Structure formats: structure tokens, C-alpha cells
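Worksheet: the structure to be examined is printed underneath.
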Amino acid sequence: MKYFLSIVIPCYNEQNRIKSTVNKITTFFSKKEFKYELILVDDGSTDTTVSILKKFIKKYSSQNNLKISILLNEKNKGKGHSVKKGFLAAKGKYVLFTDADLSTPIEEFENLLKYIKDGFNVAIASRSMPDSNIVVSQPLARVFIGKSFGLLVRWIVGLNYIDTQCGFKCFDRTAVDTIFHHLKITGFSFDVEILYLAKIFGLKVKEVPVRWENSFDSKVRIFIDPASMFFNLFRIKNIHSKTIPKH
């Protein structure tokens with residue numbers, strides 16, 4: 001395996017914060033001895049995100065333990081599509097997905113990794129567990145929608161996680177190779193699809209409390225996207241009704 005870790009970041013119109021995010025990530029991992037790759041997937045941004053991403057390759061070319069790759073979608077295809085694209089390109093022993101706003105600090109990676117090393121295939125960050133540390137909370141409307149969506153996930157899909165939607169998840173190579181080529185959901189419900197596939201294939205998943213700080217520049221449209229996410233919950237079970245594990 002060429003890299004110890006791959007980090008996948010989907011980007012859509014992130015000109016105001018992607019520079020800070022990449023700087024925080026590279027500063028944290030510059031102190032590590034392992035090699036890692038940063039895969040930035042632009043989802044058809046219409047601002048200056050792509051030009052900013054391209055500058056990273058030159059800026060960080062001197063870091064011997066880091067490789068930066070940029071993948072481009074010609075048009076906006078959805079967060080799920082971008083995450084899948086990044087994971088299928090990843091070459092790391094472990095693969096971390098993080099949102100571009102870095103609401104979950106990159107330091108929380110180590111909390112997730114310890115569970116992967118203990119035998120779990122997937123470790124997912126949770127904002128809603130008793131030991132979670134919410135520095136800045138979401139607006140009440142988003143909290144309500146999030147809790148309601150969680151109830152629907154348990155009812156419709158049968159997944160008993162407190163928080164499926166936190167944008168910070170770590171996978172071992174077995175989970176990456178097993179799950180990601182099956183993904184069909186291109187929008188925000190892809191997290192649920194990932195966890196549903198993990199269940200189908202008998203992978204071990206650990207939900208981990210983390211420190212989290214709300215970003216007020218969320219890409220989730222509060223009235224449009226929840227409706228789409230709701231209908232996709234029904235699609236997930238239907239899509240994968242014939243996805244049968246190979247024994």
C-alpha cells in the first residue's frame with residue numbers, strides 16, 4: 001500500500017474556507033511520519049475553488065510525506081458522487097472522508113483510527129452521543145430536521161445509529177473495497193447508503209463521539225434537500241435488494 005492514509009474532501013464553491021481547511025490538515029499531518037494523500041474532489045464549482053485547489057499542489061510539493069490530487073466533475077453531480085469518486089481513487093491503507101468546512105477538527109481522526117486498529121472496519125463521527133462536544137450548535141430548525149431524519153433512518157432503513165450524517169468517517173481498506181463501488185446515491189443520503197451496505201456485508205461499524213462546531217455556510221438547503229433525502233431512504237433498500245455478499 002503506497003499511503004498509510006487517504007483523505008477525501010468533496011468541494012463545491014469552497015473558495016472562502018478550503019485554504020484554511022487544507023492548511024489545518026497539512027499542519028497536523030506534517031508532524032506524522034507516515035505518507036498520506038489528500039484527494040480534493042471539486043463538484044463543478046462556479047467560484048474560484050478550482051484555481052485555489054491547483055495552487056495547493058505547488059505549495060505543498062516540498063512535503064515529502066504528502067501527495068495532493070485534484071479530481072474535477074465537469075458539472076455539479078452531488079456530494080455522494082464526489083465522495084465515491086474520491087474513494088475509488090484512494091490508495092491509502094485507511095481512508096478518511098471529511099467535509100470541507102472541517103466542522104469536526106482533523107485531530108479527531110486519531111479517535112476514529114484507534115477503533116479501526118481495534119478491529120472495526122468503519123468508524124463514524126457522531127455529534128449526538130452523550131460524550132460529544134458541541135462547541136457551536138446548529139440552528140434549532142436544523143437540529144429538529146436532523147433528529148427527525150435519524151428517526152426515519154431507523155424506521156425505514158433499520159440502522160440504529162444516533163448520527164449518520166456527520167461528515168467525518170474513517171474506513172479500512174476492506175470497507176473501501178467492499179462498499180464504494182456499490183454506491184448509487186449521489187446526494188446527501190449517501191452516508192446512509194454507506195452504512196446500509198456495511199450492514200449488508202457484515203462489516204463492523206463504531207460510532208464515536210467527537211468535538212464538533214457548526215458551520216453557518218452549510219450546503220444543505222434546509223427545505224429542498226431533506227425532502228430528497230427522505231425519498232432516497234426508500235430507494236436505498238430497493239436499489240440494494242439484490243446486492244448479495246459473496247461468501
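Predicted model, so just to flag it, every value in this text is computed and none were measured.
- Side-chain contact between Leu66 and Phe29 is absent, with no heavy atoms from C-beta onward closer than 4.5 Å.
- Note: Tyr3 and Phe34 fail the aromatic proximity criterion, with ring centroids not under 6.0 Å apart.
- Formation of a donor-acceptor pair under 3.5 Å by the Lys199 side chain with backbone atoms of Gly158 is found in this model.
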The test is side-chain contact (heavy atoms from CB on, under 4.5 Å); show your working for Asp42 and Tyr12 and say whether it passes. CA-CA 6 Å; Asp42 182 77; Tyr12 178 63; 5.9 Å; no
Take Leu40 and Ser69 through the side-chain contact (heavy atoms from CB on, under 4.5 Å) test and state the conclusion after the steps. CA-CA 6 Å; Leu40 303 159; Ser69 301; over 6 Å; no
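- Counting only N and O atoms by type, the side chains of Glu207 and Ser126 include a donor and acceptor under 3.5 Å apart.
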Apply the test side-chain contact (heavy atoms from CB on, under 4.5 Å) to residues Leu197 and Leu183: give CA-CA distance (whole Å), side-chain angles for both, the deciding distance (0.1 Å), then the verdict. CA-CA 9 Å; Leu197 286 166; Leu183 289 187; 3.8 Å; yes
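- Checked against the 6.0 Å centroid criterion, the rings of Phe97 and Phe190 qualify as a close aromatic pair.
- The closest donor-acceptor contact from the side chain of Thr98 to the backbone of Phe168 lies at 3.5 Å or more, if one exists at all.
- Using a distance-only test at 3.5 Å, with no hydrogens or angles considered, a donor-acceptor pair links the side chain of Ser82 to the main chain of Gly78.
- Between Gly92 and Arg173 the shortest heavy-atom distance is O-NH2, 2.7 Å.
- A tilted orientation is assigned to the rings of His240 and Tyr196, their planes being inclined by 30° to 60°.
- In this structure, Ile18 and Leu53 have side chains that are in contact, with non-hydrogen atoms separated by less than 4.5 Å.
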Under the side-chain contact (heavy atoms from CB on, under 4.5 Å) criterion, do Lys55 and Tyr60 qualify, and how do the steps go? CA-CA 9 Å; Lys55 291 177 182 178; Tyr60 294 104; over 6 Å; no
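- Residues Val205 and Tyr161 are in side-chain contact: their nearest non-hydrogen atoms beyond the backbone lie under 4.5 Å apart.
- A salt bridge does not link Glu110 to Lys117: none of the charged nitrogens lies less than 4.0 Å from a carboxylate oxygen.
- The two residues Ala198 and Ile179 make their nearest non-hydrogen contact at CB-CD1, 4.0 Å.
- Within the model, atoms OG1 of Thr178 and NE2 of His182 stand 7.5 Å from one another, a figure rounded to the nearest 0.5 Å.
- Using modelled atom types, one side-chain atom of Ser103 and one backbone atom of Glu213 make a donor-acceptor pair closer than 3.5 Å.
- Within the 3.5 Å criterion, the main-chain N or O of Lys24 finds no donor-acceptor partner in the side chain of Thr27.
- Residues Ile25 and Ile9 come closest through the heavy atom pair CD1-CD1, 3.6 Å.
- Using a 4.5 Å cut-off on side-chain heavy atoms (C-beta onward), Ile39 and Ile70 make no contact.
- With a 4.5 Å cut-off on side-chain heavy atoms, Asp191 and Lys169 count as touching.
- For the residue pair Glu37/Ser6, the side-chain donor-acceptor check at 3.5 Å is satisfied.
- Looking at heavy atoms from C-beta onward, Leu112 lies out of side-chain contact with Phe120 at the 4.5 angstrom threshold.
- Of all non-hydrogen atoms in Val95 and Val8, the two that sit nearest each other are CG1-CG2, 4.0 Å.
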Between Phe171 and Phe180, does the ring pair (Phe, Tyr, Trp, His ring centres under 6.0 Å) criterion hold? Intermediate values first, please. CA-CA 11 Å; Phe171 304 77; Phe180 282 85; 5.2 Å; yes
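- For the side-chain hydrogen bond (donor to acceptor under 3.5 Å, both in side chains) with Asn76, the qualifying choice from Thr46, Thr186, Asp43 is Asp43, the only one to do so.
- Between the side chains of Asn232 and Arg235, a donor-acceptor pair is found at a separation under 3.5 Å.
- Closest approach of Ser132 and Ser128 over heavy atoms only: OG-N, 3.6 Å.
- Residue Ile185 holds its CD1 atom at 10.5 Å from NZ of Lys84, rounded to the nearest 0.5 Å.
- A cation-pi arrangement is absent between Lys54 and Phe56, since the terminal nitrogen or guanidinium carbon is not both under 6.0 Å from the aromatic centre and inside a 45° cone about the axis.
- Side-chain contact between Tyr94 and Phe4 is present, with heavy atoms from C-beta onward closer than 4.5 Å.
- Note that the NZ atom of Lys75 and the NE2 atom of His81 stand 10.0 Å from one another [nearest 0.5 Å].
- The minimum heavy-atom distance linking Leu96 with Cys170 is given by the pair CD1-CB, 4.0 Å.
- Between atom SG of residue Cys11 and atom CG of residue Asp99 there is a gap of 10.0 Å, rounded to the nearest 0.5 Å.
- In this structure, CG in Asn238 is found 13.0 Å from CG in Leu233, a value given to the nearest 0.5 Å.
- Within the 4.5 Å cutoff, the side chain of Thr164 has no heavy atoms near those of the Ile124 side chain.
- Within 6.0 Å of atom CG in Asp118, more than 12 heavy atoms from other residues, nucleotides or ligands are found, so the atom counts as buried in its surroundings.
- Using modelled atom types, one side-chain atom of Asp47 and one backbone atom of Thr49 make a donor-acceptor pair closer than 3.5 Å.
- Between the side chain of Arg127 and the backbone N or O of Val210 there is no donor-acceptor pair closer than 3.5 Å.
- Side-chain contact of Lys85 with Asn73: a donor-acceptor pair under 3.5 Å is present, judged by distance alone.
- For the 3.5 Å distance criterion, the side chains of Gln15 and Thr48 qualify, holding a donor opposite an acceptor.
- Heavy-atom neighbours of Lys59 NZ from other residues, nucleotides or ligands within 6.0 Å: above the threshold of 12.
- Separating the CD atom in Glu193 from the NZ atom in Lys184 is a distance of 8.5 Å, to the nearest 0.5 Å.
- Using a cut-off of 4.0 Å between Lys/Arg side-chain N and Asp/Glu carboxylate O, Asp172 and Lys93 are scored as not salt-bridged.
- The main-chain N or O of Phe188 is found under 3.5 Å from a side-chain atom of Gln165 such that the two form a donor-acceptor pair.
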